[in-house]
> 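Pasting a structure below so you can have a look.
Order of the sequence lines fixes the chain letters, A, B, ..., with proteins taken first and strands second; residue numbering starts at 1 for each chain. Remember, it's a predicted structure, so these values are computed and weren't measured experimentally. For the numbers below, each heavy atom of this structure counts, side chains included, while hydrogens, waters and symmetry mates do not.
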Amino acid sequence: MTNFIQELTWRGMLHNVMPGTEDQLNQELTTAYLGIDPTADSLHIGHLVGIMMLKHLQNAGHKPVALLGGATGMIGDPSGKSQERNLLSEQELRYNQEAIRKQLSKFLDFDSDAPNKAILVNNYDWMSTFSFLDFIRDIGKHITVNYMMAKDSVKKRIASEEEGGAEGMSFTEFTYQLVQGYDFLHLYKTHGCKLQLGGSDQWGNITTGTEMIRRMEGGKAYAVTCPLLTKSDGGKFGKTEKGNIWLDAEKTSPYTFYQFWINADDKDAERFIKIFTTFTHEHIAELIAKHAEAPHFRLLQKTLAQELTTLVHGEERFNFAIEASQILFGKGTKETLEKLSDADFNAIFADVPQYQVEKSKFDAGVPVLDLLAVETDMLKSKAEARRLVQGNGLSINQEKYSNVEGLITKDQLLNGKYLLIKNGKKYSVITILES
RNA sequence: GGGGGGAUUCCAGAGCGGCCAAAUGGGGCAGACUGUAAAUCUGUUGGUUUUCACCUUCGGAGGUUCGAAUCCUCCUCCCCCCA
């Protein structure tokens, strides 16, 4: 059995740990929970760090609890300086919960008979029937405002108001830490949960929980946080220009998901592989060494992408993502394109801008420049299109096209339906409409 | 209140009344190189156009002139100095 704290430490996933936590973990099978916002019907990779903490925890023989913040998600955590949230209907909430459970089960063991199998709970179940009066009487009494005010997340919001900056902090948000703290207390009482995991921004909220357990139950509970994940270029982890990378294949195609990991730069890949895989210390050291020998093979990125894409989307989708990548970045030729079925073609180019042109236009052939700038608004003007073609920047169906006066005819259509246009490094697809 | 300087194409910043669609740098976009990276080098960077050429653009409105981003008048907005 591995030592959870040591495991997190070498993986670079340990930010802060409450004294005594390691002893607690060594002493008995410990139940630990992590909160997840159920605001959508899918997790995105920003959630993944937390989930991996649970996974490493489970691998270390302890029992993970994933807590969906059905109740807390309605309030909005002030430490994320997020806007106030919208209320989810219970129906939406349950739907999201089921979808998220499915995704979580790819990472965690929910179904075996093991004593440390994971469970999923939703704080809506115990918070929704808790009356305001009961809450302030039973819970609020035990925590002083002075204590709550001392939290960084609260201080920051109040200070920013005094500077005339933000719009202050609502009472609802102020209460957030009590609600989250109560979750911990509740799980402590009902599941014997003694440890809460979270991002480093959660420390303040977690300690409110341990404080409640101490004051109200005379119990001892612990906290472990991990650093917030950053990218070495300073960008936000898990975000692309197009938004979040979701685990749901409908929201983010497996190809895009795969590409996200492939595109990690070397520095990040090294950190990520420690965080997002369960490979051993030795195996990872070996991978890093191999990568350093031949960085252009990008072994780390490929391994990382393979592990996660396979885990989340399955082997078949992973293979397809590779195939798609080769077509887009490798030596994909016109021949390989022609071999693709419509379904595959659409899947590969699903994330690429689409344009439509009527088929009849091709009867006489369409001048390239018109195709780019008139029939579609791919380029702003014919002058720009001309520059592109003259600059050798245009490919049609993966073949360089440099004839400014050229006509595009029916013969060039892939499967009689598509044109794959490559403008520099950017792809676009023109779909031919039957008319 | 007095005096002075400025507003230029995405940004910064040149620009003798004709040779200015406007130097140069940055950024953008392409090409080469490369690891779907970084750096570097090359080309390009208002529109129509094969070329010639034409059209729209230099804070706004007028004017002088064969001709104005460049001269004059008024207006708007910025900056600096002295009180």
> Please measure how far the P atom in rG62(B) lies from the corresponding atom in rA68(B), and state the result in whole Å.
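My reading of the P atoms in rG62(B) and rA68(B) gives 14 Å.
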> With nearest nucleotide decided by heavy atoms, which residue, A264(A) or E384(A), maps closer to the 5′ end of RNA chain B?
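Its nucleotide being nearer the 5' end, the pick is A264(A).
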> Stems involving RNA chain B: give each as a range paired with a range, ordered by first number, where a stem means at least three consecutive Watson-Crick or G-U wobble pairs under 3.5 Å.
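Runs of three or more consecutive pairs: B:1-7 with B:76-82, B:10-12 with B:24-26, B:27-32 with B:40-45, B:46-48 with B:53-55, B:59-63 with B:71-75.
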> Do the side chains of R94(A) and E90(A) get close enough for a salt bridge, i.e. N-O under 4.0 angstrom?
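Result for this pair is yes, salt bridge flagged.
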> Would you say E22(A) and N3(A) are linked by a side-chain donor-acceptor pair, where the criterion is simply a distance under 3.5 Å?
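Looking only at side-chain atoms, E22(A) and N3(A) do form a donor-acceptor pair, the distance falling under 3.5 Å.
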> For RNA chain B, which residues of residues 369-383 of chain A approach it to below 4.0 angstrom with any heavy atom?
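Those residues are S381(A), K382(A), A383(A).
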> Taking all non-hydrogen atoms of both residues into account, name the closest pair between V357(A) and E375(A) and its distance.
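Shortest heavy-atom separation between V357(A) and E375(A) comes out as CG2-CB, 4.1 Å.
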> Please measure how far the P atom in rU24(B) lies from the corresponding atom in rA30(B), and state the result in whole Å.
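Between the two P atoms, the distance is 22 Å.
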> Please determine whether a side-chain nitrogen of the Lys or Arg among E293(A) and K290(A) lies less than 4.0 Å from a carboxylate oxygen of the Asp or Glu.
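K290(A) and E293(A): not salt-bridged.
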> Are F345(A) and Y418(A) an aromatic pair by the rule of ring centers under 6.0 Å?
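Centroid separation for F345(A) and Y418(A): below 6.0 Å.
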> Look at the side chain of D109(A) and the backbone N and O of D111(A), then say whether any donor-acceptor pair between them is shorter than 3.5 Å.
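Looks like yes, one N/O pair under 3.5 Å.
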> Have a look at Q390(A) and say if it touches a base, only the backbone sugar-phosphate, or nothing, with a 4.0 Å heavy-atom cut-off.
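Nothing, no heavy atom under 4.0 Å.
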> Go through rU36(B), rU44(B), rC29(B) for me and flag the one nearest to the R387(A) side chain.
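Among the listed nucleotides, the one closest to the side chain of R387(A) is rU44(B).
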> Using the P atom on both, measure rA12(B) against rG3(B) and round to a whole Å.
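rA12(B) and rG3(B) have their P atoms separated by 30 Å.
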> When the P atoms of rC80(B) and rC75(B) are compared, how many Å lie between them, rounded to an integer?
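23 Å, rounded to whole Å.
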> Check every atom of rU36(B), rG35(B), rA30(B) against the side chain of F329(A) and return the nucleotide holding the closest atom.
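Of the candidates, rU36(B) comes closest.
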> Taking the side chain of N392(A) as heavy atoms from C-beta outward, which of rA30(B), rU36(B), rG31(B) is closest to it?
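Among rA30(B), rU36(B), rG31(B), the one nearest the side chain of N392(A) is rG31(B).
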> Quick check on RNA chain B: between L394(A) and H291(A), whose nearest nucleotide comes earlier from the 5' end?
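Nearest-nucleotide comparison on RNA chain B picks L394(A).
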> In this structure, how many angstroms lie between the C1' atom of rA37(B) and the CG atom of D268(A), rounded?
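Value for this atom pair: 12 Å.
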> Could you please spell out the steps behind the ring-ring contact (aromatic ring centres under 6.0 Å, His included) verdict for F257(A) and W246(A)?
CA-CA 8 Å; F257(A) 184 86; W246(A) 300 92; over 10 Å; no
> Between rU44(B), rU50(B), rU36(B), which one does the side chain of R386(A) approach most closely?
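Nearest nucleotide to the side chain: rU50(B).
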> Which nucleotide wins on minimum distance to the side chain of K400(A), given the candidates rU45(B), rG31(B), rU36(B)?
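Selected nucleotide: rG31(B).
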> Is a donor-acceptor pair below 3.5 Å formed from side chain Q259(A) to base rU36(B), judging by atom type as modelled?
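Check passes, donor-acceptor contact within cut-off.
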